[in-house]
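Have a look at the structure below, then the notes.
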There are 4 protein chains.
Amino acid sequence: MSDKKTRILEATEKLLSQYGFHGISMQMVAKEAGVAAGTIYRYFDDKNDLLHQLHHHILSYVAEKLSQNVSDDMPLKCRFRTMWLNLWEMATQDGAPLLTRGQFENLPRSDSPEQQQLEKQLFAKVDRLFDEGKAQGLFKPLDNDILSVLSLEPSACLARKHANGICTVTDDALEAAIEACWDAILQH
Amino acid sequence: MSDKKTRILEATEKLLSQYGFHGISMQMVAKEAGVAAGTIYRYFDDKNDLLHQLHHHILSYVAEKLSQNVSDDMPLKCRFRTMWLNLWEMATQDGAPLLTRGQFENLPRSDSPEQQQLEKQLFAKVDRLFDEGKAQGLFKPLDNDILSVLSLEPSACLARKHANGICTVTDDALEAAIEACWDAILQH
Amino acid sequence: MSDKKTRILEATEKLLSQYGFHGISMQMVAKEAGVAAGTIYRYFDDKNDLLHQLHHHILSYVAEKLSQNVSDDMPLKCRFRTMWLNLWEMATQDGAPLLTRGQFENLPRSDSPEQQQLEKQLFAKVDRLFDEGKAQGLFKPLDNDILSVLSLEPSACLARKHANGICTVTDDALEAAIEACWDAILQH
Amino acid sequence: MSDKKTRILEATEKLLSQYGFHGISMQMVAKEAGVAAGTIYRYFDDKNDLLHQLHHHILSYVAEKLSQNVSDDMPLKCRFRTMWLNLWEMATQDGAPLLTRGQFENLPRSDSPEQQQLEKQLFAKVDRLFDEGKAQGLFKPLDNDILSVLSLEPSACLARKHANGICTVTDDALEAAIEACWDAILQH
DNA sequence: GATGAATGAGGTTTCATTCAT
DNA sequence: AATGAATGAAACCTCATTCAT
């Protein structure tokens with residue numbers, strides 16, 4: 001991908017996590033990316049397109065990062081723990097991406113069928129984890145969407161609050177939180 | 001509270017849930033509320049103030065609704081279930097308020113200490129629930145903030161997705177989700 | 001009509017005759033009219049609308065001026081002469097209106113049926129003149145549109161060239177030109 | 001003349017007749033001409049120069065086409081008729097050139113003396129026609145500019161309206177119009 | 001108190017022009 | 001000679017805010 005395009009996307013991501021959608025202007029993006037305002041329009045149709053492409057960009061990044069160091073032959077719990085922590089680290093260490101993810105949920109949605117199809121693919125490993133767990137009778141028999149909300153969403157949510165200083169999460173608490181999320185989907 | 005002020009707040013809330021923060025203008029608010037644009041400035045310093053006061057307004061509403069039909073002498077599980085469902089209903093039945101709540105988290109933060117203090121008070125019943133549960137050794141010994149993320153946040157999150165049609169939650173799944181959230185914070 | 005709206009229309013007309021369509025900006029119009037740029041948008045949807053409304057405004061003016069001092073009981077030649085000179089005077093004395101009229105013919109057309117209907121009405125007296133002349137066997141049996149091009153258009157065209165200094169038209173030449181236009185439509 | 005330069009001029013002409021002066025950009029011209037934007041600046045100083053050179057280009061074309069099949073030893077009326085129809089055909093058959101000519105009259109004028117001198121030369125045959133006619137006492141003793149407006153301008157004007165569908169001109173009407181224009185300048 | 005016309009700074013976007021390749 | 005990515009000034013338009021009524 002063109003160097004300039006990447007810089008524009010990264011600048012947008014950074015500003016987005018800092019100011020939210022309202023409050024960032026194309027001029028700000030241009031300045032942050034170190035390009036002229038007009039240059040943005042060589043790579044993006046308009047502001048909306050920039051946002052949508054960023055959405056896609058981040059989604060790809062999240063999907064990749066989320067599945068990092070996870071292979072389908074690892075034990076279920078190990079896979080879960082790794083993904084949970086991948087999620088946590090994205091939000092707390094890398095800074096922007098996941099933080100901003102919270103923002104995307106309030107967008108003029110781009111719920112094209114392709115987009116949904118893509119999202120499914122991106123999170124394939126998560127789906128396989130839940131599917132296997134349910135097949136083994138280990139997990140509660142719920143839709144993957146729901147299992148995801150119960151066990152992974154709290155990771156992102158907690159990370160956001162931790163990063164924003166709303167609450168502090170110690171290492172012990174972190175381990176306990178992972179355990180709690182595991183408990184949530186486990187068949188007791 | 002003045003009739004006009006209430007109408008302005010309600011108009012803002014409605015528009016907010018529909019268009020997001022960017023994309024609503026003071027003129028739109030005025031028109032929706034049935035007042036003149038200038039009138040808004042009798043009750044609010046500026047747009048920011050309007051948004052902050054709305055935040056507070058909704059927070060109060062949520063706190064009240066959240067604790068509805070909950071008294072401290074009810075069994076813990078019953079209190080939990082009621083609050084979980086209160087949360088669910090706010091987002092799925094009332095429409096705007098909670099849905100838009102997702103938007104508030106991306107505001108130029110008003111994290112003044114007073115605001116945090118206020119939020120604490122508003123959610124006092126939730127705190128008491130968690131405190132009692134931990135005292136009885138029933139709940140995991142974690143901060144209330146964390147317990148809240150683990151057990152109540154999924155309600156709001158699920159409700160949002162359900163209301164937006166991203167996933168469908170049957171009555172049975174709903175009951176199972178409540179149970180799962182309870183499992184999450186329970187000492188096993 | 002609002003004072004401001006009139007001032008904006010007049011400013012646009014003046015600038016249009018001076019710079020043509022390209023080369024006038026909303027800022028220029030605002031400055032010339034002595035209003036803020038944003039004010040224009042209280043009275044006009046956008047630049048296009050401003051142009052279209054101006055078109056209509058000028059058309060009305062032209063139609064009124066064109067028929068000035070003309071009544072249907074005057075002799076045909078006298079009516080013709082008066083209208084021919086009305087046209088001439090609009091372009092040479094008043095300055096802007098007719099000069100700019102040349103510009104409107106190159107617009108993204110607003111050829112709505114209503115618009116065409118309106119134009120017909122506006123130039124009713126011209127039509128009556130031609131109709132009577134043909135009924136008397138005095139004029140050539142041609143469409144009014146064509147008769148108009150042959151006998152009145154030259155007035156506007158000549159006036160434009162005269163006003164722009166492209167050619168000079170003496171009083172004698174003017175009388176001769178009127179006579180020539182009359183000759184053009186006369187049955188010989 | 002360079003192939004590229006010709007293509008650029010022709011592209012400009014085509015776009016001009018379609019969009020008018022405002023509404024064509026150098027990028028559009030480049031695309032239509034099949035060259036890079038920067039290439040235009042090898043042949044033209046700037047946009048203004050492009051427009052002026054196009055003006056000249058078209059003027060030459062019109063002058064050539066106007067005098068086509070006209071020689072000074074043909075009878076006056078025959079010469080007149082031929083030129084009148086040449087004008088008519090340019091606007092109705094060739095499409096762009098003359099139609100757009102209407103646009104040139106609203107340009108940031110390039111009324112340099114040389115330009116006017118040039119125009120005189122280009123339309124020499126027309127001048128000779130009028131001069132001879134006046135010398136023979138056949139035409140009215142008016143400036144050639146005026147005679148031209150009276151007798152040839154209506155051809156262009158009518159053609160424009162015909163091509164734009166504003167009015168329809170049958171073959172009979174066309175002949176009558178020519179006759180009428182001839183009547184206009186004839187000494188009666 | 002209430003209004004809404006008016007403001008003008010600032011938003012998004014376009015486009016004539018340049019310049020490294 | 002030719003390209004086309006990049007520029008940034010300036011275009012059109014919006015909108016938070018003010019103020020005379």
| request: Rounded off to whole Å, could you give me the NZ-to-C1' distance for the B:Lys47 and F:dT14 pair? | output: 11 Å

| field | Distance in angstrom units between B:Ile8 CD1 and E:dA2 C1', rounded | value | 11 Å

| Point-to-point distance, once rounded to the nearest 0.5 Å, from NE2 of A:His56 to NE2 of A:His52 | 13.0 Å

| query | What is the distance, rounded to the nearest whole Å, between atom CE of D:Met26 and atom C1' of F:dG4? | reply | 14 Å

| remark: All heavy atoms of B:Leu122 vs all of B:Ala63, minimum pair found to be O-CB, 3.2 Å

| query | How long is the line joining CE of D:Met28 and P of E:dC15, in whole Å? | reply | 8 Å

| query | Is there a side-chain contact between A:Leu54 and A:Phe44, using heavy atoms and a 4.5 Å cut-off? | reply | no

| Sequence neighbours excluded, which residues qualify as salt bridge (charged side-chain N to carboxylate O under 4.0 Å, His left out) partners of B:Asp45? | none

| With respect to D:Thr12, which candidate in D:Ile40, D:Ile58, D:Ile24 satisfies the side chain to side chain contact (heavy atoms under 4.5 Å, CB included) definition? | D:Ile24

With 3.5 Å as the limit, what N/O pairs link the protein to nucleotides 6-10 of chain E?
unit_1 : atom_1 : unit_2  : atom_2 : d
E:dA6  : OP1    : C:Lys4  : NZ     : 3.2
E:dA6  : OP2    : C:Tyr43 : OH     : 2.3
E:dT7  : OP2    : C:Ala36 : N      : 3.0
E:dT7  : OP2    : C:Thr39 : OG1    : 2.5

| Which part of the nucleic acid does D:Ile40 contact within heavy-atom distance under 4.0 Å: base, sugar-phosphate only, or nothing? | nothing

| task | Quickly work out the A:Phe44 CZ to F:dA5 C1' distance and round it to whole Å. | result | 15 Å

| query | For A:Tyr41 and A:Met26, which heavy atoms make the closest approach, and how far apart are they? | reply | OH-CE, 3.5 Å

| task | Please report, rounded to the nearest Å, how far the P atom of F:dT17 is from the CG atom of B:Asp46. | result | 5 Å

| said: I'd like to check B:Thr6 versus B:Leu9 (side-chain heavy atoms, cut-off strictly below 4.5 Å). Are they in contact? | reply: no

| Beyond-backbone contact of D:Lys4 with D:Arg42, side-chain heavy atoms, under 4.5 angstrom | no

| said: Using a 3.5 Å limit on both distances, find every run of at least three consecutive Watson-Crick or G-U pairs that involves DNA chain F. | reply: E:2-21 with F:2-21

| said: Applying side-chain contact (heavy atoms from CB on, under 4.5 Å) to C:His55 and C:Leu51, what does each step give before you reach the verdict? | reply: CA-CA 6 Å; C:His55 191 172; C:Leu51 262 21; over 6 Å; no

| note | Rounded to whole Å, the OH-C1' distance (C:Tyr41 to F:dC15) equals 13 Å

| query | Roughly, in whole Å, what's the span from CG in A:Asp3 to P in F:dA5? | reply | 14 Å

| request: Quick one: label B:Leu50 by what it contacts on the DNA or RNA (base, sugar-phosphate, nothing), any heavy atom closer than 4.0 Å. | output: nothing

